[in-house]
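Each chain gets a letter, A, B and so on, in the order its sequence line appears, and its residues count up from 1.
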2 protein chains.
Amino acid sequence: MDEKLMERLQQIRKLLHAEQLKLTPQREATVRVLLENQEGHLSAEEVFMLVKQKAPDIGLATVYRTLELLVDLRVIEKLNFGDGVARYEFRENDQPHHHHHLICLNCGRVSEIEDLLGDLEKKIEERHGFQITDHRVSFLGYCSRCRGKGPA
Amino acid sequence: MDEKLMERLQQIRKLLHAEQLKLTPQREATVRVLLENQEGHLSAEEVFMLVKQKAPDIGLATVYRTLELLVDLRVIEKLNFGDGVARYEFRENDQPHHHHHLICLNCGRVSEIEDLLGDLEKKIEERHGFQITDHRVSFLGYCSRCRGKGPA
DNA sequence: TTTGTCTTGCGACCCTGTCCCATTATAGTC
DNA sequence: GACTATAATGGGACAGGGTCGCAAGACAAA
Ligand SMILES: [Zn+2]
Ligand SMILES: [Zn+2]
Ligand SMILES: [Zn+2]
Ligand SMILES: [Zn+2]
């Protein structure tokens, strides 16, 4: 786990370097928080709170800038669950479409399932002549623990 | 068209009445704008602008309140295309899932296609024990006119 | 008319996110 | 190490979308 983290950090350092950018302590702390919360789907504010614990003097703007930078570098992905805040998540390979989200309306848990839209997208491209480059998909409902309970 | 409009207005008037609410001139004007722009996927601000032409003294807050009210009554649906503004659209029956959106990254056109997720949702419910009540789906890419042009 | 309730417009306010700018950190070169 | 060019930072002002509280207005029932 730790060597994987260091490896990832090195990768990112190289990516930044290629653009004459630096992996500053603030950026590193932000990346670490993201890596330590892979399944957390953290919002910028949440990342900020967690980063503050590692680097108390960091500014909110820096976190936002770092997140934007990492999105541009395709290191992380910006998600929108429709709750008014952007959320961020590590990207495994540089590929989009790696998974979908199931959002529980009762407990708020977000779980992930594999991408199931490949065939469907082909169908849409054929039928409608629309060239799909990305999709935004989430499913709302009740997780196995919360079934039958209705809204919170 | 006009009789359909009146019919819809009567329906809505009844729905409101059932909750001891009134179909005020402001609310009626807002509903009319929405009905006259069925495929427009209007934002609140856009609705406000159009309503102002019919009822110049209406306040922005009233439009927001009316939209929220209509969403609660399941008369319209609140959409999120990820561009930072909420958009609104009439609901045909009171059913969700009636269609998906294809959003062109070049010209911004939003077109609609039928809901194709029925089978997929069944599969997800079986595999993951997650009871789906709604989904948010949009496909991003390039429409038939804009194919091969890349981002604007 | 009186009363109670729903509704309105307005402005203050909130929240997420961006921008500006003076200051600071960093990497590279001598 | 010292010097320099450039990238990066923190903080605060600001922006856009949206919500809230409130006093005033509209309306229906009695
Ligand atoms: Zn749950
Ligand atoms: Zn995820
Ligand atoms: Zn197009
Ligand atoms: Zn639509």
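Donor-acceptor pairing under 3.5 Å is recorded for the side chains of A/Glu121 and A/His135. A donor-acceptor contact closer than 3.5 angstrom links the side chains of B/His99 and B/Glu112.
The aromatic rings of A/Phe81 and A/His41 lie tilted to each other, with the angle between the two planes from 30° to 60°.
Taking the nucleotide of DNA chain C with the nearest heavy atom to each of A/Pro25 and B/Leu69, the more 5' of the two is matched to B/Leu69. If A/Leu21 and B/Ser43 are placed on DNA chain D by their nearest nucleotide, the residue sitting closer to the 5' end is A/Leu21.
If you take CG of B/Asp57 and C1' of D/dG25, they are 13 Å apart, rounded to a whole angstrom. As a whole-Å value, the separation of A/Glu46 CD from C/dC15 P is 15 Å. B/Met49 has its CE atom 12 Å from the P atom of D/dG16, to the nearest Å. Nucleotide D/dG11 holds its C1' atom 11 Å from the NZ atom of A/Lys52, rounded to whole Å. To the nearest angstrom, P of D/dG17 lies 14 Å from CG of B/Asn80. Distance CD (A/Glu68) to P (C/dC19): 8 Å, rounded to an integer number of Å. Between A/Leu67 atom CG and C/dG17 atom P the separation is 10 Å, expressed in whole Å. Rounded to whole Å, the distance from CD on A/Glu19 to P on C/dA27 is 17 Å.
Residue B/Thr24 places at least one side-chain N or O closer than 4.0 Å to OP1 or OP2 of C/dT8. Taking only side-chain nitrogens and oxygens, A/Tyr64 comes nearer than 4.0 Å to OP1 or OP2 of C/dG17. Between B/Gln20 and D/dA28, a side-chain N or O to OP1/OP2 separation shorter than 4.0 Å is absent. Side-chain N/O atoms of A/His17 include one lying less than 4.0 angstrom from OP1 or OP2 on C/dG28. Distances shorter than 4.0 Å separate some side-chain N or O of B/Arg27 from OP1 or OP2 on C/dT8.
Residue B/Gln26 is classed as a sugar-phosphate contact, given heavy-atom separations below 4.0 Å to backbone atoms only. Across all strands, B/Ile58 comes closer than 4.0 Å only to sugar-phosphate atoms, never to a base (heavy-atom distances).
In terms of polar N and O atoms assigned as donor or acceptor, the side chain of B/Arg65 comes within less than 3.5 Å of the base of C/dG9 in a complementary pairing.
For the pair A/Ile132/A/Leu117, no side-chain contact is recorded, criterion being any heavy-atom separation below 4.5 Å from C-beta on.
Residue B/Asp72 qualifies as enclosed at atom CG: its count of foreign heavy atoms under 6.0 Å is above 12.
Comparing C/dT8, C/dT5, D/dA7 by their closest approach to the side chain of A/Lys22 singles out D/dA7.
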